[in-house]
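Everything numeric here is computed off the predicted structure, so don't read it as measured data.
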Amino acid sequence: MTDDKNSLLVLFEVRLKELIALCDRQKLKIQELETALEQKNTELQEAMGKISDLNAKCDNMLTAHVLSVQEGEVRKAKLRLSKLVREVERCIALLK
């Protein structure tokens, strides 16, 4: 019976050591994963900042484009109006 108890105790010690080793490996793996997660979160925050900056730049460019198009249309309208005024003045001069 003593041999059985000793063999069971030895088996228990072996299993306990295996369990402790497994626990240690899992702790290391968890630490690695937490570090990787923190790194990914940092990268994500940086990317979100860049996206925000690019969206702001895009909005500014679109606004500038709309303004430049409107300015071009205003110039065209002024030129057309000037041309019409000259034609009316010519017609008035011909009528006199």
Side-chain angles (χ1 to χ4, degrees):
M1 192 85 141
T2 307
D3 288 339
D4 288 340
K5 287 181 182 180
N6 284 339
S7 66
L8 285 175
L9 186 58
V10 169
L11 181 62
F12 178 74
E13 287 177 4
V14 168
R15 301 289 180 179
L16 184 61
K17 287 179 183 179
E18 289 175 355
L19 184 60
I20 291 171
L22 177 64
C23 185
D24 290 340
R25 286 193 306 268
Q26 292 299 321
K27 283 180 184 178
L28 286 175
K29 188 173 183 178
I30 288 170
Q31 287 176 348
E32 290 172 359
L33 290 173
E34 285 175 346
T35 302
L37 179 61
E38 287 177 19
Q39 182 182 2
K40 294 298 180 184
N41 282 335
T42 303
E43 291 174 8
L44 179 62
Q45 292 300 323
E46 290 173 1
M48 294 294 282
K50 286 180 183 179
I51 288 171
S52 181
D53 291 344
L54 290 173
N55 281 334
K57 285 181 181 179
C58 184
D59 289 342
N60 290 340
M61 290 178 69
L62 287 173
T63 302
H65 178 70
V66 166
L67 291 176
S68 68
V69 168
Q70 288 177 350
E71 288 175 6
E73 289 177 3
V74 168
R75 278 193 222 124
K76 287 180 185 178
K78 284 182 181 179
L79 289 174
R80 280 184 274 158
L81 185 59
S82 295
K83 185 178 176 183
L84 288 173
V85 168
R86 282 192 302 262
E87 285 183 31
V88 168
E89 289 175 352
R90 228 180 297 134
C91 289
I92 291 173
L94 288 174
L95 289 174
K96 290 183 180 181

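Between the CG atom in Leu19 and the CD atom in Gln26 there is a gap of 10.5 Å [rounded to 0.5 Å]. One finds the CG atom of Leu84 at 10.5 Å from the SG atom of Cys91 (value rounded to the nearest 0.5 Å). Note: Leu11 CG to Asn6 CG = 12.5 Å, rounded to the nearest 0.5 Å. Atom CG of Leu28 sits about 7.0 Å away from atom CG of Asp24, to the nearest 0.5 Å. Taken from CZ in Arg86 to CG in Leu81, the straight-line distance is 10.0 Å, to the nearest 0.5 Å. Note that CG of Leu16 is 10.5 Å distant from CG of Leu9, once rounded to the nearest 0.5 Å.
A donor-acceptor contact shorter than 3.5 Å is absent between the side chain of Ser52 and the backbone of Met48.
One hydrophobic cluster holds both Phe12 and Ile20 under the rule that ILVMFWY side chains link at heavy-atom gaps under 4.5 Å.
In this structure, the side chains of Thr35 and Glu32 stay at 4.5 Å or more apart for every pair of heavy atoms. Counting only heavy atoms from C-beta outward, the side chains of Ile92 and Val88 approach each other to under 4.5 Å.
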